[in-house]
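Positions are given from 1, in the same order as the sequence printed here. Remember, it's 1-based here, ligands and their atoms both numbered in the order they're listed.
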Amino acid sequence: MGTANPLREALQAGRFCYVVELVASRLTREARLLEVASQLARVPGVVAGSITSYAGGAMGHDPIRVGTAARARGLTPNVHLTCVNRDVAAAQRALEDLNALSIENVFALTGDYPKASGAQPEKPVFDLGSVQLVRMMAEMRERGAPFWIAAAVSPFKYTEADCLYQYLMLEKKFAAGADYAVTQLGYDARKFRELRAYLDERGIRKPVLGSVYVLAAKAAEKMSKGEPPGCWVAPGLLEKIREEAQAPDKGAAARLERAARMVAIVRGLGYAGAYLGGDHQAEHIRWIIKRSEALAGRWEEFAEELNYAPEQGYYRSEAAAAAPATRKKRGAIPAILDALGKALPVNRDTALRRLLARVFRRVDAHPAAAHALERLEYALKRPLFGCEACGNCVLGHMEYVCPQSCPKHLRNGPCGGTFQGRCEVLDQPCIWVGVYERAAAAGRLADLRTFIPPPDRKLTGTSSWVNYFLGRDNRPGNEHPLVTIRGAENAGRAAAPVSAGVERAAAGAPEQAGR
Ligand code: SF4
């Protein structure tokens with residue numbers, strides 16, 4: 001498969017390796033980044049440079065250009081690709097560009113919600129989520145583009161719903177075609193251990209890189225406030241870092257030592273490698289690698305010490321040992337809709353389904369009737385679910401929670417930005433907590449592993465009932481390829497279409513980053 005790719009080769013051979021994050025932010029001159037890239041290329045064990053895409057929701061350099069230039073300097077790029085302000089067609093174009101440049105390593109991310117700025121469209125476009133982006137790349141791989149796909153996971157979540165949904169999402173990403181995973185940053189060895197144990201229990205053998213972020217005081221202060229979303233530093237660690245910052249070297253030696261110990265921990269726990277962030281200076285990376293090798297035998301001792309977590313945070317092993325949690329009730333609406341679904345079987349070939357299909361075909365033949373039906377559907381669903389008339393209803397696959405009520409319009413689970421069950425964008429509970437709790441109460445958590453395709457945006461503003469019975473919509477059981485074959489766009493239903501408004505936003509708007 002493909003040409004030399006040290007990252008893929010190390011992971012396939014089970015050789016512990018290092019990937020160093022290069023933050024392509026506007027604050028770093030591009031020339032400086034490339035100088036760093038050529039120095040990193042000479043550090044033994046470093047198999048790739050991971051080029052961020054507008055990390056933290058702020059504009060930066062084009063990661064594809066930086067990745068190509070880094071490769072010219074000898075460093076294999078791992079380019080971050082986010083779903084922010086990219087519709088399905090724009091995501092495909094970006095992947096085609098990467099393939100044309102023979103860039104194999106792509107890190108598929110949903111991305112941080114854009115920070116407000118004059119350059120941003122009012123409401124960012126999120127047509128895809130990371131799971132769907134992985135699926136799209138896997139489709140392109142089937143057509144000959146040799147992508148080696150990374151996906152993100154955060155074990156550093158401290159409520160049951162946040163944490164277990166991350167693990168379910170990782171399973172979905174692997175099932176969709178991801179080759180390996182990279183953890184979010186965190187400073188809690190029990191969580192690193194928990195993720196490994198989860199994958200082992202589920203029989204998942206894919207490699208995972210453990211994130212080791214070299215944490216300086218300024219970043220620690222920001223992260224202690226939850227910035228960027230998904231990155232969190234506990235008060236105990238913040239205090240320690242503030243103390244370390246009083247030293248003449250401003251805490252430099254202490255943070256490099258912590259990073260080396262963390263590398264030893266993730267290696268000891270069976271991670272496939274370390275994803276080094278927060279410092280990309282070649283001499284520091286070289287020191288961390290050497291020091292971690294010298295400390296390798298003491299990893300369990302260090303794991304005991306790396307325990308920065310919120311009080312009474314959720315751990316899967318503790319929850320398994322404790323009495324079963326009392327579940328919230330599912331609520332009246334899900335119960336009524338479940339009962340209706342059983343009484344009126346329309347999700348398989350029944351006489352009722354055939355009758356309704358005939359009725360809806362007739363309605364569809366008359367634009368005024370179709371419009372009236374769409375308005376009726378909207379009037380019923382808006383107050384109950386916050387419906388936005390997407391035309392591709394997946395309420396039945398999401399425990400009757402509308403995906404359009406998620407600010408990123410995700411359909412396969414939460415992004416990595418949640419904190420203690422709260423949304424990264426709006427001051428409200430994450431909608432996926434509701435999905436999880438209802439599924440848990442009904443004993444249907446396994447169903448949350450079902451892949452949900454992106455909506456066909458061409459159907460926005462049409463009745464999802466008509467679309468369902470006429471088999472037009474995009475949903476589990478009625479999926480359409482994500483990749484459009486050039487020249488086939490008008491030859492029937494290919495990939496999800498693009499509305500003019502969305503395309504304008506994608507063309508003019510910057511991307512964002514994150515996990
Ligand atoms: S999934 Fe679409 S059709 Fe269903 S409630 Fe949400 S916006 Fe409406």
Side-chain angles (χ1 to χ4, degrees), residues 83 87-88 110 123-129 131-132 165 172 330-338 340-341 344 346-347 353 356-357 359-360 363-364 369-415 423 425-426 428-439 444 447-448 450-480 482 493 496-499 501-502:
C83 302
D87 60 12
V88 175
T110 297
K123 214 173 173 192
V125 174
F126 278 94
D127 257 11
L128 292 166
V131 180
Q132 294 153 345
Y165 228 133
K172 286 175 104 162
R330 276 169 60 71
I333 291 172
I336 293 167
L337 292 171
D338 276 353
L340 261 177
L344 305 171
V346 292
N347 57 359
R353 185 184 171 111
L356 288 172
V359 171
F360 284 125
V363 170
D364 190 51
H371 180 67
L373 183 67
E374 186 277 321
R375 289 292 85 191
L376 172 67
E377 181 183 337
Y378 182 75
L380 290 171
K381 284 177 165 178
R382 178 75 192 172
L384 284 176
F385 310 110
C387 177
E388 290 187 3
C390 76
N392 303 255
C393 200
V394 289
L395 283 174
H397 297 278
M398 285 184 52
E399 295 293 338
Y400 312 111
V401 174
C402 172
Q404 298 298 114
S405 61
C406 164
K408 296 183 181 177
H409 297 168
L410 300 180
R411 295 193 165 211
N412 283 287
C415 66
C423 175
V425 182
L426 303 173
Q428 64 177 35
C430 169
I431 68 151
W432 294 97
V433 173
V435 177
Y436 180 91
E437 282 175 350
R438 286 180 178 177
R444 291 203 293 244
D447 292 356
L448 300 183
T450 304
F451 173 77
I452 303 182
D456 178 346
R457 294 285 178 206
K458 195 171 57 194
L459 299 178
T460 302
T462 63
S463 165
S464 78
W465 296 337
V466 171
N467 299 331
Y468 176 84
F469 282 100
L470 301 193
R472 282 182 189 143
D473 54 349
N474 215 12
R475 64 183 144 79
N478 198 50
E479 287 170 39
H480 305 282
L482 284 165
R493 182 74 169 66
V498 185
S499 77
V502 168

State which residue, out of Glu377, Glu374, His371, Arg375, fulfils the side-chain hydrogen bond (donor to acceptor under 3.5 Å, both in side chains) condition with Ser463. Glu377
Looking only at the side chains, is there a donor atom on one of Asp473 and Ser464 sitting less than 3.5 Å from an acceptor on the other? no
Hey, does Pro454 have a side-chain heavy atom less than 4.5 Å from the side chain of Asp127?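 A side-chain contact is absent here, since even the closest heavy-atom pair is not under 4.5 Å.
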When the ring planes of Phe469 and Phe360 are compared, do they come out parallel, tilted or perpendicular, using 30° and 60° as the limits? parallel
Donor-acceptor under 3.5 Å (Lys408 side chain, Thr110 main chain): no
Mind jotting down which protein residues get a heavy-atom contact under 4.0 Å with ligand 1? Chain and number order, please.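 Ligand 1 is contacted, at a heavy-atom distance under 4.0 Å, by Lys381, Cys387, Glu388, Ala389, Cys390, Cys393, Val394, Leu395, Cys402, Pro403, Gln404.
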Presence of salt bridge, Asp338 and Arg438, under 4.0 angstrom: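 No.
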